[in-house]
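Taking it in order: structure first as structure tokens, then the write-up.
Quick note on labels: first sequence line is chain A, next is B, and so on, each numbered from 1.
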2 protein chains.
Amino acid sequence: MTKEPSGKRDRLILAARELIHSQGVERTTLADVADASGVPLGNVYYYFKTKNELVEAVVNSRMQEMTDLLDTLDFLPSPVDRLKGMIQAAEAKVDEIVESGCPMGTLCTELEKRDDGLAEGAAALMRRHIDWVASQFRLMGHEDDAAEFAVAFVSGYQGAAVLTNALRDPQILIQESRRIQRWIDSLATSAG
Amino acid sequence: MTKEPSGKRDRLILAARELIHSQGVERTTLADVADASGVPLGNVYYYFKTKNELVEAVVNSRMQEMTDLLDTLDFLPSPVDRLKGMIQAAEAKVDEIVESGCPMGTLCTELEKRDDGLAEGAAALMRRHIDWVASQFRLMGHEDDAAEFAVAFVSGYQGAAVLTNALRDPQILIQESRRIQRWIDSLATSAG
DNA sequence: GTCTATAGTTTGATAGAC
DNA sequence: GTCTATCAAACTATAGAC
């Protein structure tokens, strides 16, 4: 039993993920995380030396989540299916987005307003997303426009998430999701 | 001299606007605002009973800024010019957006993660923006699609702002700005 | 490894002199 | 109306028993 027999570290990260998404990094206290995960406050510091280290672990956890999603989508037969699957995955989480926005987008936005280096990890998350989308457009034959299309795709989703959250209206995400899917379809027929 | 002979209230709001945009509401302390505006900390409470009241004043100030922008754009000759002018106004503030994102968007995102009623004022700001854009699309003859187009327009800008800030890349905003302007042009030729 | 108690800061807010 | 001094609460982080 020299290393993590009880999974407390994972529980702390899981609780921090959710609390940070719903309340933001700044308003989430270590006492909140300790309570939510059933770990005494003092014990948190055995797993994470500082609050920032816990936040960093949450960013890494979001990166893992992204990796898992991309791995799943990669099983779909065509790039069109995969891009649509990406949007549909977001659409499946409307309620969460209405309540607290995109976990990745709001995390980036919040961390960018801080001095410490935490924003870079969050930016890497966004870059990873965009790069994967670009690779799908390349597979569709849009070699030259792949990078630009990828930014438009992710940007479209992020903007929809901001508005969906700000106006607390799930229809916004659904509407934009369909708009983006129609666009993907139109790019499929007019391949490069 | 019974009411505001020195403009301190305005200076406090102005300093708070900038600090909240660059650092976020949570990390901006009243001491920060007091310092930046040259007002002693204790005196801040003469003008604003609580920190939230100051934040509310900042939201109102952003609403006024939006009103001023819309009033200016309303002088342009056509709805196409006005919509393009709106995007170009954003493009003119790229540096600010690279550094800290859209003042309105990030404010909405941050306030939505709080319990107090401050998010509603920020949402009203976003709604005002969308409504004005929708009215322009209506003037272009797109009666039926105005609401949907307006959401796509504002969503496109907000998403671009999120990515521009997260990746610290001004080209993203510029590229998306042009994409949106081309779209406006295409809607002008195919009017309803 | 786990947990309680508490130290040390920061910060929102107030008291009260001028 | 203005400003200094300070309180009280919240929170990160540590000390040290078990």
Salt bridge present between Glu26(A) and Arg114(A) (N-O < 4.0 angstrom): yes
Near-strand residues of residues 28-43 of chain B, defined as heavy-atom separation under 4.0 angstrom from DNA chain D: Pro40(B), Gly42(B), Asn43(B)
Carboxylate-amine/guanidinium contact Asp185(A) Lys84(A), below 4.0 Å: yes
N-O pairing of Glu110(A) and Lys113(B) below 4.0 Å: no
Interatomic distance where OH belongs to Tyr45(B) and C1' belongs to dA13(C) [whole Å]: 5 Å
Polar side-chain atom of Asn165(A) near backbone of Val98(A) as donor-acceptor pair, under 3.5 Å: yes
Protein-nucleotide distance (Phe48(B), atom CZ; dT2(D), atom P), rounded to Å: 13 Å
Interatomic distance where CG belongs to Leu12(B) and C1' belongs to dT2(D) [whole Å]: 12 Å
Validation row, ring centre Tyr157(A) to ring centre Trp183(A) under 6.0 Å: no
Contacts of type side chain to side chain contact (heavy atoms under 4.5 Å, CB included), residue Ser22(B), not counting sequence neighbours: Ser100(B)
d(OH, Tyr46(A); C1', dC18(D)) in whole Å: 15 Å
Co-membership, hydrophobic cluster, residues Ile87(A) and Leu76(A), 4.5 Å side-chain: yes
Tyr47(B) OH to dT2(D) C1', straight-line distance once rounded to whole Å: 8 Å
Closest listed nucleotide, where the reference is the side chain of Lys51(A) and the choices are dT2(C), dT12(D), dA13(C): dT12(D)
Backbone of Gly101(B) reached by a side-chain donor or acceptor of Thr106(B) within 3.5 Å: no
Nucleic acid contacts - residues 17-24 of chain B versus DNA chain D, non-hydrogen atoms under 4.0 Å: none
Nucleotide dT10(C), atom P - distance to CD of Glu26(A) in whole Å: 15 Å
Glu53(A) CD to dT14(D) P, straight-line distance once rounded to whole Å: 11 Å
Ser61(A) side chain vs Ala57(A) backbone, donor-acceptor pair below 3.5 Å: no
